[in-house]
Amino acid sequence: MSKENEIYTDFINRMSYGEYLHLDTLLSSQKRLSDHHDEMLFIIIHHVSELWMKLILHELHTAIESISKGNLSPAFKMLSRVSKIQTQIIHAWDVLATLTPAEYMEFRDKLGQASGFQSYQNRLIEFALGYKTRHILEIYKKDSNLHKQLQLALQAPSLYDVSIQALAANGLHIHSELLTRDFSQPYQADPSVENAWLEVYKNVDKYWDLYELAEKLVDIEDSFQQWRFRHMKTVERIIGHKKGTGGSAGVTYLKKVLDHRFFPELWDIRTKL
Ligand code: HEM
């Protein structure tokens, strides 16, 4: 073999691919509680989703920081990446849909009360997008570090809060209370925000950056709802209308969550334009 094509085989003193990625930890984390074949799919689909959620959070936090400093362009790149990741996790439902009700019933009891409802990364994403559900924090009381992390995330301005601040920073009128509001409270739609977005959409050349920001937000919310919808339908396909392991009414609960809107004015203005 020529020198240019030399493949490294001696890793005694070199870092290997597996070491860099800590594959020993990653690949030893899929521990089935039953000896049923299909439980592996169930665990891996959750692990893959949680890994993508980790990257979504990484991107969202930096995008929020960037928008809050008035640097919109770098945030656009990150928000586009979030959208692409969302496409991945939406398609992940196709893989899980190969799990039949009979297969799931083989190991469902082993889950006890564990449920995706307790996914803290999902809550951190919801908080970052502005859906602040304080009562959820109760679940994480047994882990004080995690509880603290969620509390801080609850209090922090969301992607929508900093977007509203960007509207104001660009000279659009926003009710002043909104800029200094208690960010741990759920966001309530506001007429000044609606008017500001209307102004942006009617004058796209003047407000191109804000217009682009608005469309990125709509992309993310649209995909989030698609994810919620595919989750609900996949759950219906697998457990019908049984109660969830987390204690909710199951599909009825998941349908109700679909009504929630992250960026309400951005949807409302579409009727008014
Ligand atoms: C067989 C597969 C699945 C079933 C039957 C299922 C069922 C459910 C049910 C019934 C709920 C409502 C809470 C409860 O009572 O448990 C729920 C919530 C949730 N699940 Fe799943 N799920 C499945 C797979 C997944 C996967 C792969 C993920 C990815 C991480 C996931 C993430 C979530 C999240 C984030 C919630 C909270 C939703 C909210 O409160 O808006 N689930 N799931």
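Ligands are counted one by one from 1 in listed order, and the atoms in each one are counted from 1 as well.
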Quiz item: Should you measure from each heavy atom of I238, which atoms of ligand 1 turn up under 4.0 Å away?
Solution: 1 (C)
Quiz prompt | N122: numbered ligand 1 atoms lying under 4.0 Å from its heavy atoms | solution = 35 (C)
Quiz item: Does any N/O atom on S119 come nearer than 3.5 Å to any N/O atom on ligand 1?
Solution: no
Exercise. Pick whichever of H46, E126, Q113, H260 has a heavy atom sitting closest to atom 25 (C) of ligand 1.
Key: H46
Quiz item: What part of W93, side chain from CB on, backbone N/CA/C/O, both or neither, has a heavy atom under 4.0 Å from ligand 1?
Solution: side chain
Practice problem: Say whether, by atom type as modelled, one donor and one acceptor occur between the side chain of H175 and the main chain of E177 under 3.5 angstrom. | Solution: no
Quiz item: Can you find an N or O of I45 that's nearer than 3.5 Å to an N or O of ligand 1?
Solution: no
Quiz item: At what distance is the nearest protein heavy atom to atom 9 (C) of ligand 1, and which residue and atom is it?
Solution: L254 CD1, 4.0 Å
Quiz item: What is the nearest protein non-hydrogen atom to atom 34 (C) of ligand 1, stated with its residue, atom name and distance?
Solution: G116 O, 3.3 Å
Quiz item: Taking Q225 for the side chain and H260 for the main chain, is one N or O donor matched with an acceptor at less than 3.5 Å?
Solution: yes
Quiz prompt | Atoms in ligand 1 flagged as close to M53, the criterion being non-hydrogen separation under 4.0 Å | solution = 30 (C)
Quiz item: Which residue supplies the protein heavy atom nearest to atom 12 (C) of ligand 1, what is that atom called, and how far is it?
Solution: S248 OG, 3.3 Å
Quiz item: Side chain, backbone, both or neither: which part of L96 comes within less than 4.0 Å of ligand 1 when only heavy atoms are counted?
Solution: side chain
Self-check item: Closest H231 atom to atom 21 (Fe) of ligand 1 [N, O or S only]
Solution: NE2
Quiz item: Should E212 and K77 count as an ion pair when the cut-off is N to O under 4.0 Å?
Solution: no
Exercise. Output the list of atoms in ligand 1 that are nearer than 4.0 Å to some heavy atom of V257, sorted by atom number.
Key: 41 (O)
Quiz item: Is the distance between the ring centroids of Y104 and F107 under 6.0 Å?
Solution: yes
Quiz item: Considering distance alone, does some N or O of E50 sit under 3.5 Å from an N or O of ligand 1?
Solution: no
Exercise. Would you mind listing which atoms of ligand 1 come within a distance below 4.0 Å of any non-hydrogen atom of G250?
Key: 10 (C)
Quiz item: Can you list the ligand 1 atoms lying under 4.0 Å from a non-hydrogen atom of G247?
Solution: 15 (O)
Quiz item: Where the side chain of E138 meets the backbone of H135, is there a donor-acceptor pair that is under 3.5 Å apart?
Solution: no
Quiz item: Short N/O distance, under 3.5 Å, between Y253 and ligand 1?
Solution: yes
Quiz item: Checking R108 side chain against G112 main chain: does a donor-acceptor pair fall under 3.5 Å?
Solution: no
Quiz item: Does the gap between the ring centers of H231 and F229 come in under 6.0 Å?
Solution: no
Self-check item: Heavy atom of R228, distance to ligand 1 below 4.0 Å
Solution: no
Exercise. Give the single entry among G244, A92, A249, A97 that approaches atom 10 (C) of ligand 1 most closely by any heavy atom.
Key: G244
Quiz item: Are any side-chain N or O atoms of E39 and backbone N or O atoms of S34, one a donor and one an acceptor, separated by less than 3.5 Å?
Solution: yes
Exercise. Identify, for atom 1 (C) of ligand 1, the protein heavy atom at the shortest distance, and state residue, atom and that distance.
Key: F42 CE1, 3.5 Å
Quiz item: Near S49, which atoms of ligand 1 are under 4.0 Å from a heavy atom of that residue?
Solution: 29 (C), 30 (C)
Quiz item: If you group Ile, Leu, Val, Met, Phe, Trp and Tyr by side-chain heavy-atom gaps below 4.5 Å, do I67 and L179 land in one group?
Solution: yes
Quiz item: Centres of the F117 and Y253 rings: under 6.0 Å?
Solution: yes
Exercise. Considering heavy atoms of the protein only, find what lies nearest to atom 4 (C) of ligand 1 and give residue, atom and distance to 0.1 Å.
Key: V235 CG2, 3.6 Å
Practice problem: Flag the pair F262 / Y160 as yes when their ring centroid distance falls below 6.0 Å, and as no otherwise. | Solution: no
Quiz prompt | Proximal ligand 1 atoms for G246, defined as those under 4.0 Å from one of its heavy atoms | solution = 14 (C), 15 (O), 16 (O)
Quiz prompt | Carboxylate-amine/guanidinium proximity below 4.0 Å for K69 and E65 | solution = yes
Quiz item: Between K233 and E236, does at least one N-O distance fall below 4.0 Å, as a salt bridge requires?
Solution: yes
Quiz item: So is R123 close enough to ligand 1, meaning a heavy atom under 4.0 angstrom away?
Solution: yes
Exercise. Would you mind checking if R270 and E215 are paired as a salt bridge, meaning a charged N to carboxylate O distance below 4.0 Å?
Key: yes
